[in-house]
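Worksheet: one structure, shown below.
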Amino acid sequence: MKQLININVNGTNFELAVNPGMTLLDLLREELRLTGTKKGCELGDCGACTVIMEGKAVNSCIVLALESDGKHVETIEGLAVGEKMHPIQQAFVEKGGIQCGYCTPGMVMRTKAFLDECPDPDSEQIKEALTGNLCRCTGYTKIIEAVETASLYLKGKTPEIIEFQPQKSAMDLTVVGKRLPKLDSPDKATGRAIYTDDIVLPNMLYGKLLLSPIAHAKIISIDTSEAEALPGVKAVLTGKDVPDATWGTSPPRYDEYVLAKEKVRYVGDVVAAVAAIDEETCYKALKLIKVDYEELPAVFDPFEAMKPGAPRLFDHKYENNINTHVDHHFGNIDEGFADADYVREAKFTGNRIFQNPMEPHCAIAEWDRHDRVVLYTSTQVVHYVHHQLSRIFNKPLGDIRVIMTNCGGGFGAKAATNYLEILSIFLAKKTGRPVKMRYSRKEMYLYGRGRHKQHITLKMGVKKDGTITAVHQKAVLEGGAYSSFGIVSAYYAGSMLTTLYKFPNYRYEGFRVNTNLPPCGAMRGHGTPHPRFAFESLLSMLADDIGMDHISIRLKNAMTPETRTCNDLDIHSCELKACLELVRKKSGWDGKKGKLPLGRGIGIGCGGFVSGAGYPIYRSDFPHSNAIIKIQEDGSKATLFVGDADIGQGSDTVLAQAAAEALGITLDHISVISADSELTPIGFGAYSSRVTLMGGNASKMAGDSVRDKLLPTASALLNVPADKIKASNNKFFSIDNPEISIPWADVAKTYFSKQGPLTGNGHYSPPKGLGGNYKGAAVGTSPAFSFSASVCEVQVNLETGKVKILNFWDAHDCGTAINPMAVEGQVEGAIVMGMSEVLFEDEIFDSNGKMVNPDLHNYLMATSADIPVIDSSIVDSYEPEGPFGAKEVGEGATLPVLGAIANAIADAIGVRIYDLPITPEKILNAIRSKGQE
Amino acid sequence: MYIPDFNYHKPKSLLEALSILKECEKGILIAGGTDLLVEIKKGVRKVTDLITLSGVSELLEIDNNDDFIKIGSSLTHNDVMNSNIIKSELPALAEACSKVGSHQIRNSATIGGNICTGASCADTAPILLAYEASVQLTSMDSERLVPLKDFIINHHVTTIRSDEIMTGIIINKSKHRTVACFEKFGLREAASISVASSSSVIRFDSENCISANIVVGACGPIPIISENAGSFLSGKSLKELIASDDFLVRAGELASNDSKPISDIRGTADYRRHLVKILTVAAIRKSLNQIAN
């Protein structure tokens, strides 16, 4: 029964009737529609829902609304005064402390309560204070800077302004190369930014999925009658209600049904969907669905799964459960190993990692009366969702509209179509009403698509001088129940080993194996972090064996510009050597390596990645990125329409910078509309670290086009020949005499008045014919490759085995950094995510295939207290294929981290750990077994 | 995720709370709710009647008497760790409170809740056991004082009766010089569950250790008082304890032997036993350093 409460929220009194079970979070979000406070884990572990109650920061997800009776509650919406942001919000915006923005409201509110109590904190106190607020994007570094800055603002002080040396390639640019706050950050800082779950449509229903409790079973029968009879339930769907067509991510491996037919293949497989008036009714209905299963033997280990006679997940394909098999051989490894003076082989094992974006997946479908569907979703890839829906519902693209709302992080978890996107539409169609579906944190883990756990055997041969002569990698990828991105992951695991170092002879044998576990997919660095961890580890081991310095052996073999790798990847710009030299110097490597006391260690790792996949996921001739720029009739503002998705990495801002530079206007004169299939031209979205280069090229081209259209008008107005006119800083001016100038807006307005709408188009496709002619040669191709080197220093407690990562020095070749502050944000985020993967994270399953730790309480991620001091550098580089010389940073930044930490730990304790995560217990056991030798 | 409806009772005094609790057979008390609401949301606990203690102000005080300190059960971990009384009289308890959950959790979660939940990994229970705390249990008909060691009897099982409210935690003051320390090992730097912990409270007369309580946390269904480590240390002179690590190491081994850890996702039993040794040595050493300083 509802009870009355009186609550003061942000200074306003409310008298409300609430159900006893309602949380304060739901009261704020659903009753008061203050959606700035976010729902991240619902169990008090992530802090996204932090509000201040009676002056104290609390997790509103585990406070009953009734307990707020008579209390004062402050939320993110209460901080700003009108247009003027609170100093804390201002600091978060200016310092780049906001990426996806989903943790931001909670983080800001925690900061508010903290600075109220402790107005003059040092950075250690800040780190400690924020440990209840998880952030997956920023690596906390810029957030801590923001809190420091906020404390100065609140004391009426002005923070010191630091001058940054621009890169050589950005010297003459006015917008590109500048450390500008992200365009969307004020919205995110104030809680105004709308994420999918913040949307409530009139007459909307909620949907939930029934997930299999059994790892492998035949479905004998499903009885939904009781569920359908439950008041409030509007639709129940099972496998018989959906088409027989399969779907998935990679066309050769579409192997998922919309709802299970005949069989379930893992704990979490989707069996039925329910729509009802609220989530509570959905959950009650799910319990009333009776499924009769006939349990089948299940297999969870890929090596067991490949054995003859093992349970098969698919009866008619994937023999021995081998979902993908790759066997690539370039050069001749036998000759290569014969040429080597020294050969070593070792086995490495990765871990099962989940991306854990702070925002759970959510989708809302609305099937309108014109037989058209509109889908709001938190996705990285509007176009691929659009394409997949078109297939499943057998409708042309024009009859479906996919709108990406703000997206609270992805890292690959939202890089493909998901069940919510499909089933919300089926349920909306069945009921004729809008349907919202969202995953709980546990449901996210069970949907899966995280990093494949790889079992790697790596063999490498070197000459006495360190020259690599041959590499042989065998990788077994534990795939989970379905393919998802897996076929690509299996190819990437092999193809990307060749881009950092030159070696002529390479064999890669890869097996992706189905098991009765949640499907694995694409996660930051897609398929390559575990092989890279193995490679960087083995390279350092070999260096020790031949008595060579770890950085020297990397310099010896380092990739150089304009090189074709042994597997036919074309490297253009490459400053790996500069990265290595820089981190050697900054870390004080020469004074530390081999000279640190037992327990302290230093290690190096290198990385790199594609700047966008050379080919689309399904066969298509569309340009990969496309942009339209439309100029307001008075010339006051440009709007960039681009299909690519800003998932928090800051691509809207970066693309706007590229467009504004081309147009000749400043960033405050451009806004961005992105990732809406109706409004924006197709863009493949945010995956394979592609947006800066590809979306940037399209945006730049559209900007160039508008500017070129304006030149004749400017020429007439200035009475200067068009080829002697330049546009920049909101002016057209004579190159010879910059005094002769006219405001940009005046030129645009004149153009519009005479010639009508002023627009420009841009598009980008990678160069034709990338890659070799062998099967699978497309995976790994890219217009450009990034490079990076990281040095890590650690302290290992020799008694407990616990690791403290002290420092990271990273140097990245991302070409021209379009926004250096955003680049640093990517690097810091990747370092902390990588560190968290190496030290803490692992999905654990019991003997029945049930995940043991599907929450943020038991699946540990790094907090602000765990992070090292990060020094992030960008080296001078220019990529001819990229916009203004730019290439990727987002995924590549992950790659050096795993190896650098593993090498540092090995250096600290004198013994190496070969399997991830590197837990204190493994370290201690390694130290002990070394002692017994 | 949702919380099914329940009957909500919000008494405004202890007396009213006790009376509701007596009448309402299925009544469950809620304090901070950071464990209870999570259990309800996960569906592992059903509740029909919830009696909140948030309106009962009697449970929010710290009494500092000549002979004992009484900590109100509804005080949050942050309240306790920030209390000047606790910081000066029971610093190891303040330390243990500071290691529980995150700041937000510590703002809601109460010390009474931490004890009554009876989780094997609770951080305040071991140090309170080492301080030889008792809990005050009050019902409409009676009030009793139960030594904490007799209160927590199994993982999530205590001897509280369904009509009782834990109203306070009482720690007697010692006339003897007392040093104490709480040492915890978690897998990350903050907001982590104890893999193992060790609490030491050691008392000295002018020269000698007259009692030592070593309590191991998260290494058994309940915190384990290491009788062997305690009796080993008792009677040793301060001088000899400070002079040689051998005694500390021996005490650590004894505590380790007395612990009964299981293997779970946070660590194996073997590793936990090892940690107990390390943590116990560290706890005793830090305790002794308090005297040296």
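Below, chains carry the letters A, B, ... as their sequence lines are ordered, and counting in each starts from 1.
- In this structure, chain B has a heavy atom under 4.5 Å from the side chain of A:K287, while its backbone stays farther away.
- Of the two parts of A:R441, neither the backbone nor the side chain holds a non-hydrogen atom closer than 4.5 Å to a non-hydrogen atom of chain B.
- Electrostatic pairing of A:K2 and B:D5 does not count as a salt bridge here, judged by no charged N lying under 4.0 Å from a carboxylate O.
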Check your understanding: Does the pair A:H857 and B:V38 meet the rule for a side chain to side chain contact (heavy atoms under 4.5 Å, CB included), with working shown?
Key -> CA-CA 11 Å; A:H857 202 64; B:V38 168; over 6 Å; no

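- A:L134 touches chain B through its side chain: at least one heavy atom from C-beta onward sits under 4.5 Å away, while N, CA, C and O do not.
- Note: B:R188 CZ to A:K802 NZ = 10.5 Å, rounded to the nearest 0.5 Å.
- Heavy atoms of A:L66 lying under 4.5 Å from chain B belong to its backbone as well as its side chain.
- The most heavy-atom pairs under 4.5 Å with chain B, out of A:K56, A:K804, A:E921, come from A:E921.
- Neither the backbone nor the side chain of A:E443 comes within less than 4.5 Å of any heavy atom in chain B.
- For A:V852, the part lying under 4.5 angstrom from a heavy atom of chain B is the side chain only.
- Using a 4.5 Å cut-off between heavy atoms, B:I278 touches chain A through its side chain atoms alone.
- Interface residue A:D855: only side-chain heavy atoms are found under 4.5 Å from chain B.
- A:M53 does not touch chain B: none of its heavy atoms, backbone or side chain, sits under 4.5 Å away.
- Of the atoms belonging to A:S864, not a single heavy atom falls under 4.5 Å from chain B.
- Looking at B:L50, only its side chain comes within 4.5 Å of chain A, counting heavy atoms on both sides.
- Contact of A:L130 with chain B is not made at all, since no heavy-atom distance falls under 4.5 Å.
- For the atom pair CD (A:E67) and OG (B:S108), the distance works out to 9.5 Å, reported to the nearest 0.5 Å.
- Between chain A and the residues B:L275, B:V47, B:I193, B:T34, the largest count of heavy-atom pairs under 4.5 Å involves B:I193.
- With respect to chain A, the highest number of heavy-atom pairs below 4.5 Å among B:A191, B:S54, B:G101 belongs to B:S54.
- There is no side-chain donor-acceptor pair under 3.5 Å between A:E42 and B:Y2.
- Of the atoms belonging to A:T800, heavy atoms from both backbone and side chain fall under 4.5 Å from chain B.
- Chosen from A:T50, A:V63, A:V803, the residue pairing most often with chain B at heavy-atom distances under 4.5 Å is A:T50.
- Using a 4.5 Å cut-off between heavy atoms, B:F185 touches chain A through its side chain atoms alone.
- Heavy atoms closer than 4.5 Å to chain B are found in both the backbone and the side chain of A:E280.
- Remark: the A:T131 side chain and the B:E189 side chain contain no N/O donor-acceptor pair separated by less than 3.5 Å.
- Atom CG of B:L187 is separated from atom OG1 of A:T919 by 8.0 Å, given to the nearest 0.5 angstrom.
- For A:K442, no part lies under 4.5 angstrom from a heavy atom of chain B.
- Atom CG of A:N59 sits about 9.5 Å away from atom CG of B:N107, to the nearest 0.5 Å.
- At a 4.5 Å heavy-atom cutoff, the contact between A:C61 and chain B is made by backbone and side-chain atoms alike.
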